[in-house]
Chemist: 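Submitted below is the structure of interest, expressed as structure tokens.
Just so it is clear, the model here is predicted, and its values are computed rather than measured. Residue numbering restarts at 1 for every chain, and letters A, B, ... go by the order of the sequence lines.
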Amino acid sequence: MTAALATPFTGIFISLLVYLLGMWLFKISKGFFLFTPLLVGVVLGIFILALWAKGIGSTTVEVYKKFFLPGGNIVFWFLNPATIAFAIPLYRRNDIFKKYWIDVVLTLFVGGFISLFGIHMVSKLFGLSKVSIAAMLPQAATTAVAMPIAKSIGGDPAVTAMVCIINAVIIYALAEFLIKFFKLKEISKVGLGLGLGTSGHTVGSAKAVQLGSIQGAMASVSVVIVALAMDILVPIYARLFL
Amino acid sequence: MKKDGKKETPILIQMGIFMAILFVAQLLSQLFPPSFAVPTPLIGMIILYILLATHIIKLEQVEKLGDSLIGLIAFLFVPSGIQLAGSLDLIKREGLQDVIVTIISTIILLVVITYVGSFFIKLHQKINNRKGDD
């Protein structure tokens with residue numbers, strides 16, 4: 001009976017179930033920030049897998065690989081065309097990109113470098129190992145870019161993958177709160193778009209699209225440019241300061 | 001999104017465009033060395049942007065599928081999040097510091113990039129005003 005569950009349907013069903021439960025909780029809690037569908041879905045999904053593992057006397061990782069991953073991979077695959085789609089909000093505000101492209105590139109390189117410094121300092125403050133620090137540095141880039149960078153500077157790519165996922169989940173859950181707390185809405189639409197795309201990757205960009213067309217366009221383009229910026233900056237930073 | 005007279009491209013054709021771009025993008029992605037990874041979806045996004053900007057592809061030929069996919073992205077990310085179940089051992093080994101540092105780093109990125117961005121935009125506007133154009 002367990003073998004019958006090791007099909008893609010299981011993972012797809014669990015993904016949908018937990019996300020829909022998240023949407024329902026978000027609705028009945030009138031938008032409580034800790035009940036964003038993504039965060040609820042992830043926590044609930046891991047909880048289900050852990051319970052499942054307990055039930056059959058296996059480990060969570062084992063259950064995840066055997067029962068969730070086949071379906072999870074199928075859902076995950078759709079992130080490919082979804083990422084491409086961000087060219088659309090960018091093109092819709094091509095006027096803004098044409099006007100400010102120099103600013104965008106400068107922001108992501110200069111701001112990216114400052115952030116590297118900040119991330120490095122916080123990592124040191126918490127006493128992370130060198131391997132973990134190296135894994136933290138490239139997190140502004142999307143997972144597929146950040147992992148090989150981390151590896152090339154001696155970091156653990158598995159930690160980097162985890163970090164990039166947490167980035168997205170945190171931004172999706174906390175963006176509204178953080179924007180209010182740091183008064184980011186008031187200072188610049190272009191800046192906020194870049195910030196959301198950099199910190200939350202494509203999920204942050206989706207959030208930015210909801211805020212407005214300028215924010216959405218800037219977040220979309222930042223995902224590409226910050227990936228290139230990290231490709232260039234992180235190895236240099238690592239050579240200088242690690 | 002389209003409720004005016006413009007004809008909407010059939011969804012199968014929109015899918016065809018997306019897949020053609022991904023197909024080409026994966027070939028281009030392999031040209032980059034592992035030390036300078038540029039993944040397929042990012043190249044695909046650049047290709048679609050260029051095709052739109054050069055009017056080879058029109059907005060209505062991709063926007064219905066594209067907007068739906070963007071609207072779904074939080075859901076599409078659920079399996080990536082659940083992937084953390086596979087990292088539970090890693091978190092146990094490394095301790096919770098990694099998670100805390102990541103959360104702080106996320107906030108650093110959001111705040112720093114937003115402020116640096118607004119700084120450059122304001123600088124840009126000031127220079128333009130002085131020149132008297134724009």
Side-chain angles (χ1 to χ4, degrees), chain A residues 15 19 38 41-42 45-46 49 60-61 64 72 75-76 78-88 90-91 103 106-107 110-111 114-115 118-119 122-123 126 132 140 144-145 148 152 158 162-163 165-167 169-170 182 184 187-188 190-192 194-195 198-199 202-203 206 224 227 231, chain B residues 18 21-22 34-37 39-42 44-46 48-49 52-53 59 62-63 66-67 69-70 72-90 94 97-118 120-121 124:
Chain A
S15 301
Y19 191 79
L38 176 59
V42 168
I46 295 176
L49 295 182
T60 310
V61 178
Y64 164 74
V75 178
F76 177 79
F78 283 91
L79 282 176
N80 289 303
T83 305
I84 291 190
F86 281 101
I88 296 168
L90 173 59
Y91 175 70
D103 313 64
L106 277 174
T107 299
V110 175
I114 298 171
S115 304
I119 293 167
V122 173
S123 304
F126 279 83
S132 289
V145 176
S152 73
M162 178 182 86
V163 168
I165 294 164
I166 297 177
N167 287 151
V169 176
I170 290 296
F182 290 103
L184 301 178
I187 63 169
S188 156
V190 175
L192 181 55
L194 297 175
T198 307
S199 54
T202 42
V203 174
V224 173
D231 261 336
Chain B
F18 272 70
I21 292 170
L22 275 173
S35 55
F36 195 96
T40 303
L42 289 195
M45 189 181 148
I46 296 168
L48 179 55
Y49 172 74
L52 285 167
L59 209 46
V62 286
E63 75 179 343
D67 286 335
L69 284 167
I70 290 174
L72 283 178
I73 212 145
F75 163 66
L76 297 178
F77 210 77
V78 167
S80 308
I82 294 181
Q83 191 191 326
L84 292 175
S87 312
L88 286 179
D89 293 338
L90 192 75
E94 296 272 333
Q97 299 102 293
D98 278 19
V99 177
I100 297 167
V101 171
T102 305
I103 294 171
I104 299 172
S105 301
T106 311
I107 298 170
I108 290 177
L109 280 169
L110 176 67
V111 175
V112 169
I113 299 285
T114 304
Y115 273 92
V116 172
S118 79
F120 278 116
I121 297 286
H124 187 150

Chemist: Would B:V62 and B:L52 count as a side-chain contact (heavy atoms from CB on, under 4.5 Å) if you check the C-alpha gap in whole Å, the side-chain angles of each, and the deciding distance to 0.1 Å?
Modeler: CA-CA 9 Å; B:V62 286; B:L52 285 167; 4.1 Å; yes

Chemist: Does a side-chain heavy-atom distance below 4.5 Å link B:I113 with A:S199?
Modeler: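 A side-chain contact under 4.5 Å is absent here.
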
Chemist: Go through B:D98 and A:F126 one step at a time and tell me if the side-chain contact (heavy atoms from CB on, under 4.5 Å) criterion holds.
Modeler: CA-CA 8 Å; B:D98 278 19; A:F126 279 83; over 6 Å; no

Chemist: Could you tell me which of A:T202, A:L184, A:L194 has the largest number of non-hydrogen atom pairs under 4.5 Å with chain B?
Modeler: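 Looking at each option in turn, the highest pair count goes to A:L184.
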
Chemist: Top residue by heavy-atom pair count (under 4.5 Å) with chain B, among A:I88, A:V224, A:V122, A:V110?
Modeler: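 Looking at each option in turn, the highest pair count goes to A:I88.
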
Chemist: Hey, could you give me the CD1/OG1 distance between B:I107 and B:T102, rounded to the nearest 0.5 Å?
Modeler: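 Answer rounded to 0.5 Å: 11.0 Å.
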
Chemist: Under a 4.5 Å heavy-atom cut-off, does chain B meet the side chain of A:V203, its backbone, both or neither?
Modeler: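 Contact with chain B is through both the backbone and side chain of A:V203.
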
Chemist: B:V99 versus B:I103: any side-chain heavy-atom pair under 4.5 Å?
Modeler: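 In contact.
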
Chemist: Could you tell me which portion of A:L49 (side chain, backbone, both or neither) has an atom closer than 4.5 angstrom to a non-hydrogen atom of chain B?
Modeler: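 It is the side chain, since no backbone atom gets that close.
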
Chemist: May I ask you to name which of A:A158, A:S132, A:G118, A:A140 has the most heavy-atom pairs under 4.5 Å with chain B?
Modeler: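 The candidate making the most pairs under 4.5 Å is A:S132.
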
Chemist: Mind checking the OG-CG spacing from A:S115 to B:L110? Nearest 0.5 Å is all I need.
Modeler: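 Going from OG on A:S115 over to CG on B:L110, the span is 10.0 Å.
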
Chemist: For chain B, which of A:T60, A:V169, A:L192 has the most heavy-atom pairs under 4.5 Å?
Modeler: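 Winner by heavy-atom pair count: A:L192.
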
Chemist: Does any backbone or side-chain atom of A:I170 lie under 4.5 Å from a heavy atom of chain B? Answer side chain, backbone, both or neither.
Modeler: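 It is the side chain, since no backbone atom gets that close.
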
Chemist: Pick from A:L90, A:L79, A:V145: which one has the most heavy-atom pairs with chain B under 4.5 Å?
Modeler: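 Looking at each option in turn, the highest pair count goes to A:L79.
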
Chemist: Chain A: which of B:V112, B:L42, B:I82, B:L69 shares the most heavy-atom pairs with it under 4.5 Å?
Modeler: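 Result: the option with the highest number of such pairs is B:I82.
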
Chemist: So which of B:I21, B:I100, B:L48, B:I104 has the biggest tally of heavy-atom pairs under 4.5 Å with chain A?
Modeler: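 Looking at each option in turn, the highest pair count goes to B:L48.
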
Chemist: If you count heavy-atom pairs under 4.5 Å with chain A, which of B:T114, B:I121, B:V78 comes out on top?
Modeler: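 Counting heavy-atom pairs under 4.5 Å, the top option is B:T114.
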
Chemist: B:F77 versus A:I165: any side-chain heavy-atom pair under 4.5 Å?
Modeler: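 Yes. Closest side-chain heavy atoms under 4.5 Å.
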
Chemist: Given heavy-atom pairs under 4.5 angstrom as the criterion, report whether the side chain, backbone, both or neither of A:Y64 touches chain B.
Modeler: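 For A:Y64, the side chain is the part near chain B, not the backbone.
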
Chemist: Under a 4.5 Å heavy-atom cut-off, does chain A meet the side chain of B:S105, its backbone, both or neither?
Modeler: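 Looking at B:S105, backbone and side chain both touch chain A.
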
Chemist: Please determine, among B:I46, B:V111, B:L109, the option with the most heavy-atom pairs under 4.5 Å with chain A.
Modeler: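 Most pairs with chain A among the choices: B:L109.
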
Chemist: Hey, what do you get for CD (B:Q83) to CD1 (A:I46), rounding to the nearest 0.5 Å?
Modeler: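 Nearest 0.5 Å value for the CD-CD1 distance: 10.0 Å.
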
Chemist: Could you check whether atom CZ of A:F182 has more than 12 heavy atoms from other residues, nucleotides or ligands sitting under 6.0 Å from it?
Modeler: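 Yes, enclosed.
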
Chemist: Identify which part of A:S152 has an atom lying under 4.5 Å from any heavy atom of chain B, answering side chain, backbone, both or neither.
Modeler: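 For A:S152, there is no contact with chain B at all, as no heavy atom is under 4.5 Å.
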
Chemist: Below 4.5 Å, heavy-atom pairs only: which of A:A144, A:S188, A:A87 has the largest tally toward chain B?
Modeler: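 It is A:A87.
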
Chemist: Taking CZ in A:F76 as the centre, count heavy atoms belonging to other residues, nucleotides or ligands within less than 6.0 Å. Is the count above 12?
Modeler: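 It does not: A:F76 CZ has 12 such atoms or fewer within range.
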
